[in-house]
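Some notes on the structure that comes next.
From a predicted model like this one, the values you see are computed outputs, not experimental measurements.
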Amino acid sequence: MTLTSTHFGSSSWTDAKLLHALEEVVEKELNRHLKVTKDWMPHEYVPFTDGRNFPGFFEDGEAWEKGQSPVTEIGRIALVVNLLTEDNLPSYHHEIASLFGRDGAWGTWVHRWTAEEGRHGIVMRDYLLTSRAVDPDKLEQFRMAHMSEGFESDNSHSMLHSVAYVAFQELATRISHRNTGHQSGDPVCDRMLARIAADENLHMIFYRNLLKAAFEIAPDLTMQAVRDVVVNFRMPGHGMPGFERAAAQMAIGEVYNMRIHHDDVLQPVLRFLKVMEIDGLSPEGVKAQEELGLFMGGLDSEASKFDEKLAARKARMAARAAG
C-alpha cells in the first residue's frame, strides 16, 4: 500500500480517520511481529530452588533481610520501579484499548501486546520473591498504592500522541530493564531482564514503524505530536510512591538518566524517522520541527552538565575509597 498525505488536510484528520488509514500498516506490523517474536516461559527464568517461606501462616517462615540476596542497592531500587511500572498493565490496557479499539488488526495487537507485557510482571515478581531481592511487604504496599491511584497518560487525548509516546517509552523501558540487569550484581537477574528487554525492543519497533507511516500520511500533525511528546516526556511510573527519589538514584546509578534518555532513547528513534529532514511541512509543522531541534540541543547541554556532576561525584568517591 502506498500511503499518501493528500487525502485530508491537517484539520480534516480525526482519530477515527487516522485509525482507519493506518489499519493496513498495523496488520503488516502485527504479522511481522508475530513472525519474529519468541514465546518464552517465565518460570524458566526463576531460581525456584532458592525460595523459602516468609513469616505469616508458615511456622518456618523466615523474615526478609537485605543480605539474603546478592542484588545491589541500585538494582533493588530499579527492580521495584520497573516492576511497579509493569504492574499497572490493567490501566495501560484500558487506555490503549479505548484509543485503538478492540476490533480488527488494532484490537488483535492491543490484546497480544497486553499478553506479552503480562509475562514481564509475572517473571519479575516470581524472581524478586524467590530470590528475596526486595522486601516483599513493601513491594506489595507500593503495588497497592500505585495501582489504587490508577494511571492516566499525558497523551490520552490523541491517538497520534499516544503512538508517538509509546515509540519512545517502549525503548526507554527496554534500556531501563537492560541497565538494571547490568547493575544488579546477579547473573540470574541480568538474564531475566535481558529477555524482557528483547520483548520491549520488538514493541518499540512496532510503534516506531507505525509512527513512520503516520509521518507519511499526516506529517504536520505527527510532527506536532512528536514535539509535544518529546518535550513533555515522563515515564509511566511517575505516579508511584517515592518515584522522584528512586529516579534520582537510578540517574546517579546510570540505570536511566538525562544522557541515556537523550542518546539511547530519543536520538535513535528521531534518527530512524529522519524527523529533522522532513520537508514540505505547513508553518505549524515547521514550527514543531524547529522547537523539537531546539529542545534536543538544550537537553544535550543539560545532559553534559549532568555528566560532569556525575564524573565529579565518582572522583570524590574514588578519592574517599583510596584515602
Quiz item: Is His111 atom NE2 crowded by more than 12 heavy atoms from other residues, nucleotides or ligands, each under 6.0 Å away?
Solution: yes
Quiz prompt | Heavy-atom closest contact (Ala197 atom, His177 atom, distance) | solution = CB-CB, 4.5 Å
Quiz prompt | More than 12 heavy atoms of other groups within 6.0 Å of Glu27 CD | solution = no
Quiz item: Transitively linked via ILVMFWY side-chain contacts under 4.5 Å: Tyr92 with Leu160?
Solution: yes
Quiz prompt | Worked verdict on Asp199 versus His120 for side chain to side chain donor-acceptor pair (under 3.5 Å) | solution = CA-CA 9 Å; Asp199 278 4; His120 303 167; 2.9 Å; yes
Self-check item: Within 6.0 Å of CG in Asp50, more than 12 heavy atoms from elsewhere
Solution: yes
Practice problem: Examine Trp113 together with His93 and report whether their ring centres are nearer than 6.0 Å. | Solution: no
Practice problem: Treat each ILVMFWY residue as a node, draw an edge where side-chain heavy atoms are under 4.5 Å apart, and state whether Phe272 and Val163 are in one component. | Solution: yes
Exercise. Locate the shortest heavy-atom distance separating Thr114 from Val110; write the atom from each residue and the value.
Key: OG1-O, 2.7 Å
Exercise. May I ask you to say whether Arg112 pairs ionically with Glu116, meaning some side-chain N is under 4.0 Å from a carboxylate O?
Key: yes
Practice problem: Might you point out which heavy atoms bring Ser304 and Arg259 nearest each other, and give the distance in Å? | Solution: OG-NH2, 3.1 Å
Practice problem: Salt-bridge test for Glu29 and Arg32: reply yes if a basic N is under 4.0 Å from a carboxylate O, no otherwise. | Solution: yes
Quiz item: Among pairs that include at least one residue of residues 308-323, which meet side-chain hydrogen bond (donor to acceptor under 3.5 Å, both in side chains), considering only residues two or more places apart or in two chains?
Solution: Glu254-Lys314
Quiz item: His262 and Glu302: side-chain donor and acceptor closer than 3.5 Å?
Solution: no
Exercise. Would you mind checking if Glu284 and Lys287 are paired as a salt bridge, meaning a charged N to carboxylate O distance below 4.0 Å?
Key: no
Exercise. Could you tell me whether Lys212 and Glu216 have a side-chain N and a carboxylate O separated by less than 4.0 Å?
Key: yes
Self-check item: Pair Asn201-Ile205, side-chain contact (heavy atoms from CB on, under 4.5 Å): steps then yes or no
Solution: CA-CA 6 Å; Asn201 196 56; Ile205 291 168; 3.9 Å; yes
Quiz item: Hey, would you say the Tyr45 and Trp40 ring centroids sit under 6.0 Å apart?
Solution: yes
Quiz item: Is a side-chain donor-acceptor pair under 3.5 Å present for Asp15 with Ser158?
Solution: no
Exercise. Mind checking ring-ring contact (aromatic ring centres under 6.0 Å, His included) for His157 and listing every partner two or more places apart, or none if nothing turns up?
Key: His161
Quiz item: How long is the span from the CG atom in Asn82 to the CG atom in Leu193, to the nearest 0.5 Å?
Solution: 7.0 Å
Quiz prompt | Closest heavy-atom pair and its distance - Arg132, Ser69 | solution = O-CB, 3.3 Å
Self-check item: Residue Glu140 excluded, over 12 heavy atoms near CD under 6.0 Å
Solution: yes
Quiz item: Say you draw a straight line from CD of Gln169 to OG1 of Thr173; how long is it, rounded to the nearest 0.5 Å?
Solution: 4.0 Å
Quiz item: Will you find, in the side chains of Asp186 and Tyr127, an N or O donor that is under 3.5 Å from an N or O acceptor?
Solution: yes
Practice problem: Quick one: closest heavy-atom pair of Ala164 and Val226, and the distance? | Solution: CB-CG2, 4.2 Å
Quiz item: Between Phe233 and Tyr165, is a ring pair (Phe, Tyr, Trp, His ring centres under 6.0 Å) present by the stated rule, with each step listed?
Solution: CA-CA 8 Å; Phe233 187 88; Tyr165 176 74; 5.2 Å; yes
Quiz item: Between Trp106 and Phe100, how do the two ring planes meet: parallel, tilted or perpendicular, split at 30° and 60°?
Solution: tilted
Exercise. Tell me, with the steps shown, if Val286 and Ser282 meet side-chain contact (heavy atoms from CB on, under 4.5 Å).
Key: CA-CA 6 Å; Val286 170; Ser282 71; over 6 Å; no
Quiz item: Any link between Met144 and Leu89 through a network of hydrophobic side chains (Ile, Leu, Val, Met, Phe, Trp, Tyr) touching at under 4.5 Å?
Solution: no
Quiz item: Is the shortest side-chain N to carboxylate O distance from Arg125 to Glu86 below 4.0 Å?
Solution: no
Exercise. For Leu30 and Phe206, work out which heavy atoms get closest and say how close.
Key: N-CE1, 3.7 Å
Quiz item: Trp64 and side-chain contact (heavy atoms from CB on, under 4.5 Å): which partner among Leu129, Asp137, Asp135?
Solution: Asp135
Practice problem: Taking only Lys NZ, Arg NE, NH1 and NH2, and the carboxylate oxygens of Asp or Glu, determine whether Asp190 and Arg178 approach each other closer than 4.0 Å. | Solution: yes
Quiz item: So Lys66 and Glu73, salt bridge (charged side-chain N to carboxylate O under 4.0 Å, His left out) or not? Walk me through it.
Solution: CA-CA 9 Å; Lys66 273 188 183 179; Glu73 184 61 22; 3.3 Å; yes
Quiz item: If you count the non-hydrogen atoms of other residues, nucleotides and ligands that lie under 6.0 Å from CZ in Phe48, is the total more than 12?
Solution: yes
Quiz item: In terms of hydrophobic clustering (I, L, V, M, F, W, Y; side-chain heavy atoms under 4.5 Å; direct or indirect links), are Tyr256 and Met258 co-clustered?
Solution: yes
Quiz prompt | Common cluster, Phe295/Leu273, ILVMFWY with side-chain heavy-atom separation under 4.5 Å | solution = yes
